[in-house]
Amino acid sequence: MKIDISKAIPFTSQERIKKNETDLVLVHNSLVNGIGKGKEFLGWLRLPEEMDSSVIHRIKSDAERIRTQSKLLVVIGIGGSYLGARAIIDCLSHPFHSLMHDRKDPVVIYAGENLSEEYHAGLMEVLGQYDYSVAVISKSGTTTEPAVAFRVIKSHLEKKYGKEEAAGRIFAITDAKRGALKKLADEEGYSTFVIPDNIGGRYSVLTPVGLLPIAAAGFDVDKLIAGAYSMMNTCLLSADPEKNPAIQYTAIRNALYQSGKTIEILVNYLPSLFYFTEWWKQLYGESEGKENKGIFPAGVGFTTDLHSMGQYIQEGPRLMFETVLSVENSLKELSVPILREDSDGLNFLAGKRFNEINHMAEMGTLLAHVDSGVPNIRISINELHEETIGSLIYFFEFACALSGYLLGVNPFDQPGVEAYKRNMFALIGKPGFEEERKMLLKRLN
């Protein structure tokens, strides 16, 4: 992985960058030695070297069972309980995997990440046509969105296969000792994996939360962990920005924030990175957005969004900076053919690969946006595979923790997400919320 901040430095001051780098020495020490805010949630920090080999073995074994018995795997979860797995699976999958007749691995689909009736009713129609298994992910088992989805899908699974076979198709990833899902899993005999108490959801992709779906989709979790391990060693070793890309990234993005750039846009040029961007948005938004502080995380997929959001980025308010996630090499080859009549005027592209054209679009866009006042940070990797994705996952996790500490917030809690839940429970009639329900209904009317 390489990071280039040369197109961002002119938009802030060297003094700000140097001040952040100096402060990050202390921040790095707090994080690495577990003495900062939220220190009880640092289980992810050395996870790549502390993986239990017996758990990895069980993950691989259950993943093989899922592949043998099912054409579909339904992953039930919300937020960090599904976004990390979806990000990695989408990055590594054939773009039209679900349409391939010779596919050997199950198609992974998702439930419980929304409350749409149309979505889940449509899902139930599909599940009637295929053999499927379920990975249900929830520490408590009572989070509304995944819990109601699991109710419906569990009932369907038991009607389709009978209670005993259905139990063999349900894989629960939950708390080690307590909670509604843990209790049910023990009673029904589900294969069960633990969400560690010291790892929050948005940092959990390298636990069974992410590894079981990723392995079931046919990808090499050992290589994924190896990539994260390599980046872990780099990030833990030194607070020198010349040796630690997470320090360099954190220093420059916060210098831009201190210079009035309050929006960070993660830019990609591959459709397969859409959900990686969604994972990144959750990671940074939920970690930094507290106490009226934090950079707003947004995302675009170019060149598609150049024909929509590109106008705003080019000429809108100068409140943003871009972090471009660039993949240098494609794993497939496709070139532009020559046309004798050249009716579209594009014969000058004949013989060029799509990847080359895509990179020229990237470079041209970078320069256009920088010229119009949009700072640019470029993070590049050679190609998309398990090791590079594992490395990127750990890089962004570590940098996010550093950035939260630099802002002075706890990057591992999320007190703000409880507000909507209380209002929703009151409005839907949950016992114990009667007075709140009356007040909310009065406000809505």
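FYI, the numbering just counts along the sequence from 1.
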Does some side-chain heavy atom of [Y] sit less than 4.5 Å from a side-chain heavy atom of [X]?
X	Y	value
Leu73	Phe171	no
Leu26	Tyr405	no
Ile379	Phe396	yes
Trp280	Thr323	no
Tyr284	Ile295	no
Met231	Pro245	yes
Val194	Pro208	no
Thr250	Asn20	no

Donor-acceptor pair, distance only, cut-off 3.5 Å: does the side chain of [X] make one with the backbone of [Y]?
X	Y	answer
Lys18	Ser13	no
Thr174	Leu181	no
Ser93	Asp90	no
Tyr394	Leu45	yes
Glu322	Val374	no
Thr277	Leu273	yes
His120	Gly112	yes
Ser116	Tyr119	yes
Lys261	Arg318	yes
Ser326	Ser380	no

Over all atoms of both residues, closest heavy-atom pair of [X] and [Y]:
X	Y	answer
Pro48	Ala228	CG-CB, 3.8 Å
Ser81	Ile137	O-CD1, 3.1 Å
Glu145	Leu115	CG-CG, 3.6 Å
Gln248	Ile3	OE1-CG2, 3.0 Å
Leu206	Leu47	O-CD2, 3.6 Å
Glu383	Val327	CA-CG1, 3.6 Å

Among Ile66, Val134, Leu127, side-chain contact (heavy atoms from CB on, under 4.5 Å) partner for Leu72: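 Among Ile66, Val134, Leu127, the one that satisfies the side-chain contact (heavy atoms from CB on, under 4.5 Å) with Leu72 is Leu127.
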
Thr12 and Gln258: CA distance, side-chain angles, deciding distance, side chain to side chain contact (heavy atoms under 4.5 Å, CB included) verdict: CA-CA 8 Å; Thr12 184; Gln258 293 152 6; over 6 Å; no

To the nearest 0.5 Å, what is the distance between [atom1] on [X] and [atom2] on [Y]?
X	Y	atom1	atom2	value
Ile153	Ile76	CD1	CD1	3.5 Å
Thr388	Leu92	OG1	CG	7.5 Å
Gln14	Glu21	CD	CD	8.5 Å
Ile389	Phe395	CD1	CZ	13.0 Å

Enumerate the salt bridge (Lys or Arg N to Asp or Glu O under 4.0 Å) contacts for [range], please, sequence neighbours excluded, ordered by first and then second residue.
range	result
residues 93-110	Arg67-Asp105
residues 288-299	Arg253-Glu288, Lys290-Asp413, Glu291-Lys293
residues 195-217	Arg202-Glu286
residues 270-280	Glu278-Lys281

Evaluation steps, side chain to side chain contact (heavy atoms under 4.5 Å, CB included), between Lys182 and Lys139: CA-CA 8 Å; Lys182 170 61 177 172; Lys139 188 166 280 191; over 6 Å; no

Greater than 12 external heavy atoms within 6.0 Å of Arg178's CZ: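 Counting other residues, nucleotides and ligands, CZ of Arg178 stays at 12 neighbours or fewer.
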
Within 6.0 Å of CG in Leu444, more than 12 heavy atoms from elsewhere: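 Count over threshold, so yes.
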
Verdict with reasoning, Leu237 to Asn244, per side chain to side chain contact (heavy atoms under 4.5 Å, CB included): CA-CA 8 Å; Leu237 186 63; Asn244 188 333; over 6 Å; no

By side chain to side chain donor-acceptor pair (under 3.5 Å), which residues pair with [X], not counting sequence neighbours?
X	result
Asn29	Asn33
Tyr132	His156
Arg86	Tyr275
Arg16	Ser259

Residue pair Ser403 / Asn254, side-chain donor-acceptor N/O under 3.5 Å: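 Yes, because at least one side-chain N or O of Ser403 sits under 3.5 Å from a partner of the opposite role on Asn254.
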
side-chain hydrogen bond (donor to acceptor under 3.5 Å, both in side chains) partners of residues 36-50, not counting sequence neighbours, each pair once: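 Every pair satisfying side-chain hydrogen bond (donor to acceptor under 3.5 Å, both in side chains) with a residue in residues 36-50: there are none.
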
All pairs passing side-chain hydrogen bond (donor to acceptor under 3.5 Å, both in side chains) where residues 220-240 contributes a residue, at least two apart: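 Applying side-chain hydrogen bond (donor to acceptor under 3.5 Å, both in side chains) to every pair that reaches into residues 220-240, excluding sequence neighbours, yields Lys60-Asp222.
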
Evaluation steps, side chain to side chain contact (heavy atoms under 4.5 Å, CB included), between Ile56 and Ile225: CA-CA 10 Å; Ile56 299 299; Ile225 295 166; 3.8 Å; yes

What pairs of donor and acceptor atoms, side-chain ones from residues 299-312 against any protein atom, are under 3.5 angstrom apart with sequence neighbours left out?
residue: Asp305; atom: OD2; partner: Gly301; partner atom: N; Å: 2.9
residue: Ser308; atom: OG; partner: Asp305; partner atom: O; Å: 3.3
residue: Gln311; atom: NE2; partner: Glu315; partner atom: OE1; Å: 2.9

Name every donor-acceptor pair, under 3.5 Å, that has one atom in a side chain of residues 334-356 and the other anywhere in the protein, sequence neighbours excluded.
residue: Asp342; atom: OD1; partner: Gly345; partner atom: N; Å: 3.3
residue: Asp342; atom: OD1; partner: Leu346; partner atom: N; Å: 3.0
residue: Asp342; atom: OD1; partner: Asn347; partner atom: N; Å: 2.9
residue: Asp344; atom: OD1; partner: Leu346; partner atom: N; Å: 3.1
residue: Asn347; atom: OD1; partner: Leu339; partner atom: N; Å: 3.0
residue: Asn347; atom: ND2; partner: Leu339; partner atom: O; Å: 2.7
residue: Arg353; atom: NH2; partner: Lys332; partner atom: O; Å: 3.0
residue: Asn355; atom: ND2; partner: Glu328; partner atom: O; Å: 3.0

